[in-house]
J.: 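Here's a structure for you.
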Amino acid sequence: MKEGFLAGGALIAVGLLLELSAGPVEWGVFAWPVNGVVLAIFLAVIIAMHLLRKEVYAFRFLSTYQAAIPVMCYAVVLTVVMGLTRQSADGRWIYNMLTFWPFVLTYVYMAVIVGLVSMRIVPALKETSCPRTPAPRRPRKILAALFHLGLFITMTTATLGNADMQRLKMITVIGEPEWRALDQQGRIVEMPMSIELKKFIMETYDDGSPRRFASEIEIQTKSGKTVAATVDVNKPVEVDGWKIYQYGYDTEQGAQSSTSILELVSDPWLPYAYAGIYMMLAGGVLMLFMGLKPARRQSAGAGNERKEDQV
């Protein structure tokens with residue numbers, strides 16, 4: 001366990017040095033197809049580490065609980081700090097954790113560990129078809145594989161997919177089709193569609209404060225498709241991979257506003273991250289539903305399990 005905490009601490013120290021020397025992580029350089037290449041290399045490295053685990057102690061160590069528990073502790077601490085500090089796209093250090101090197105390296109390290117554990121568990125599923133395998137161990141192996149694979153898919157796709165996510169603001173005016181939006185740095189981005197505001201809707205309480213505001217819009221795509229929809233707060237409209245949210249309006253005009261501000265979000269890797277989350281949930285729910293208990297340890301005569309099989 002000491003080795004695990006020392007390795008995690010050393011990784012955070014390296015992250016701090018990178019933060020001081022190179023600045024925050026620039027996710028923009030990992031946009032497609034770079035992130036696809038990085039993912040392929042990452043998977044190849046994990047496979048190589050798995051195949052060489054018997055010859056290299058460090059690779060074998062990474063698939064044990066002595067390595068997993070310390071990195072989870074570091075990840076929890078950094079995540080708590082992230083939740084307690086105000087995060088900003090323009091922030092530095094702990095005020096923008098997604099670009100903070102110690103945070104990123106810790107989660108990459110944890111993804112490596114989860115990947116190595118998954119590489120061990122998946123081949124072990126073949127044992128479930130063996131009549132000599134104890135019946136209680138068969139579903140345990142399946143659920144363990146489901147959970148670890150889901151966690152690995154979620155961590156890798158959510159991290160690498162961050163470079164391809166776009167969150168834009170579009171200011172629309174009644175009767176004027178708009179195809180330009182602004183990114184978080186205020187740069188103009190031409191959209192693959194035009195949006196025309198047909199009507200702005202506002203419902204108020206008795207004291208005049210807004211109870212609901214929404215926009216009736218018409219969307220024209222490059223393929224010639226026309227979509228008429230009403231965008232409400234927390235009820236987005238999805239067109240060609242883009243989710244369109246109601247964001248704001250001209251507060252001075254209020255209910256008479258002829259301007260509506262929309263937020264457009266594109267996250268092409270999100271379905272894969274959701275697939276991983278659903279796999280984890282399925283593993284957890286099935287484990288709870290089946291009421292499985294940890295398998296009894298084998299007798300001393302049968303031999304002890306290796307430490308790498310305890311994760």
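The first residue in the sequence is number 1, and the count goes up from there. Atom set for the values below is all heavy atoms of this structure, side chains included, hydrogens, waters and symmetry mates excluded.
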J.: Is it the case that over 12 heavy atoms from other parts of the model lie below 6.0 angstrom from the CG atom of D207?
T.: yes

J.: Once ring pair (Phe, Tyr, Trp, His ring centres under 6.0 Å) is applied, do any residues pair with F100, and if so which ones, sequence neighbours excluded?
T.: W93

J.: First locate atom OG of S194, then atom CD of E176, and finally report the distance between them rounded to the nearest 0.5 Å.
T.: 12.5 Å

J.: In terms of hydrophobic clustering (I, L, V, M, F, W, Y; side-chain heavy atoms under 4.5 Å; direct or indirect links), are L160 and V265 co-clustered?
T.: no

J.: Are M165 and M97 linked, directly or through intermediate hydrophobic residues, by side-chain heavy-atom contacts shorter than 4.5 Å (ILVMFWY only)?
T.: no

J.: Taking ring pair (Phe, Tyr, Trp, His ring centres under 6.0 Å) as the definition, give me every residue that meets it alongside Y245, ordered by chain and number, with sequence neighbours left out.
T.: none

J.: How about Y74 and F5: do any of their side-chain heavy atoms sit closer than 4.5 Å?
T.: yes

J.: So do the side chains of M82 and F103 get within less than 4.5 Å of each other, counting heavy atoms only?
T.: yes

J.: Looking at every non-hydrogen atom in both residues, tell me the closest pair between L146 and A282 and how far apart they are.
T.: CD2-CB, 3.8 Å

J.: A quick test of your reading: do over 12 heavy atoms of other residues, nucleotides or ligands sit less than 6.0 Å from OH of Y272?
T.: no

J.: Distance from K243 atom NZ to E238 atom CD, nearest 0.5 Å?
T.: 5.5 Å

J.: Take Y109 and L62, measure what side-chain contact (heavy atoms from CB on, under 4.5 Å) needs, and give me the verdict at the end.
T.: CA-CA 9 Å; Y109 181 42; L62 289 177; 3.4 Å; yes

J.: Can you tell me if T99 uses its side chain to pair, donor with acceptor, with the backbone of N96 under 3.5 Å?
T.: yes

J.: If only atom types and distance count, is the side chain of D232 paired as donor or acceptor with the main-chain N or O of K235 below 3.5 Å?
T.: no

J.: Return the set of residues passing ring pair (Phe, Tyr, Trp, His ring centres under 6.0 Å) with F213 (not counting sequence neighbours), or none when no residue passes.
T.: Y249

J.: On a heavy-atom basis, which atom in M110 and which in A75 lie closest, and how many Å separate them?
T.: CE-CB, 4.0 Å

J.: Apart from V239 itself, what residues make up its hydrophobic cluster when side-chain heavy atoms of I, L, V, M, F, W and Y under 4.5 Å apart count as a link, directly or indirectly?
T.: L168, M170, I174, V189, M191, M193, I195, L197, I217, I219, V227, V231, V237, W242, I244, L262, L264

J.: Who else is in the cluster with L17 when I, L, V, M, F, W and Y are joined by side-chain contacts under 4.5 Å?
T.: none

J.: Step by step, would you call Y107 with L98 a side-chain contact (heavy atoms from CB on, under 4.5 Å)?
T.: CA-CA 10 Å; Y107 272 84; L98 295 179; over 6 Å; no

J.: Tell me whether L16 shares a hydrophobic cluster with L6, the cluster being built from Ile, Leu, Val, Met, Phe, Trp, Tyr side chains joined at under 4.5 Å.
T.: no

J.: Nearest 0.5 angstrom please: F152 CZ to S118 OG, how far?
T.: 7.0 Å

J.: Which value, rounded to the nearest 0.5 Å, describes the distance between L149 atom CG and M119 atom CE?
T.: 10.0 Å

J.: Would you call Q66 and F61 a side-chain contact if the rule is heavy atoms closer than 4.5 Å?
T.: yes

J.: Any idea which heavy atoms bring A214 and Q246 closest together, and the distance?
T.: C-OE1, 3.6 Å

J.: So how far is it from L52 CG to I47 CD1, rounded to the nearest 0.5 Å?
T.: 12.0 Å

J.: Indicate yes or no: at least one non-hydrogen side-chain atom of L105 is less than 4.5 angstrom from one of L18.
T.: yes

J.: Within the side chain of W101, is there an N or O that forms a donor-acceptor pair under 3.5 Å with the backbone of L20?
T.: no

J.: Mark yes or no for whether Q87, through its side chain, and I94, through its backbone, hold a donor-acceptor pair below 3.5 Å.
T.: yes

J.: T259 and S257: side-chain donor and acceptor closer than 3.5 Å?
T.: no

J.: State whether the side chain of E178 and the backbone N or O of R180 hold a donor-acceptor pair below 3.5 Å, judged by distance alone.
T.: yes

J.: Can you confirm whether I171 is buried at CD1, in the sense that more than 12 heavy atoms of other residues, nucleotides or ligands lie under 6.0 Å from that atom?
T.: no

J.: Do R60 side-chain atoms and K54 backbone N/O form a donor-acceptor pair below 3.5 Å?
T.: yes

J.: Under the rule for ring pair (Phe, Tyr, Trp, His ring centres under 6.0 Å), what residues qualify as partners of F30, not counting sequence neighbours?
T.: W27

J.: Any side-chain heavy atom of S258 sitting closer than 4.5 Å to one from Q253?
T.: yes

J.: With side chain to side chain donor-acceptor pair (under 3.5 Å) as the rule and sequence neighbours excluded, what pairs involving residues 161-175 come up?
T.: N35-D164, D164-W269, K169-E263

J.: Using distance only, find each side-chain donor-acceptor pair of residues 199-206 under 3.5 Å and give its atom names and separation, not counting sequence neighbours.
T.:
residue: E203; atom: OE1; partner: R211; partner atom: NH2; Å: 2.7
residue: E203; atom: OE2; partner: R212; partner atom: NH1; Å: 3.1

J.: Suppose we screen for salt bridge (Lys or Arg N to Asp or Glu O under 4.0 Å). Which residues come up paired with K225, at least two apart in sequence or across chains?
T.: D240

J.: Check side-chain contact (heavy atoms from CB on, under 4.5 Å) between E190 and all other residues, then give those that pass, not counting sequence neighbours.
T.: W179

J.: Considering the options L151, L39, I46, V114, which one meets the side-chain contact (heavy atoms from CB on, under 4.5 Å) requirement together with T156?
T.: L39

J.: Taking the hydrophobic residues Ile, Leu, Val, Met, Phe, Trp and Tyr, and joining any pair whose side-chain heavy atoms are under 4.5 Å apart, which ones share a cluster with I188?
T.: L182

J.: Using a side-chain heavy atom cutoff under 4.5 Å and only I, L, V, M, F, W and Y, what cluster partners does V80 have?
T.: V76, L84

J.: S260 vs Y247, test: side-chain contact (heavy atoms from CB on, under 4.5 Å). Steps then yes/no.
T.: CA-CA 8 Å; S260 179; Y247 185 80; over 6 Å; no

J.: Just one of V112, L116, I113 clears the side-chain contact (heavy atoms from CB on, under 4.5 Å) bar with S63, so which one?
T.: L116

J.: How many angstroms lie between atom CZ of R53 and atom OG1 of T64, to the nearest 0.5 angstrom?
T.: 13.0 Å

J.: Within a strict 4.5 Å, meaning less than it, do heavy atoms of the P177 and Q220 side chains meet?
T.: no

J.: CD of Q185: more than 12 outside heavy atoms within 6.0 angstrom?
T.: yes

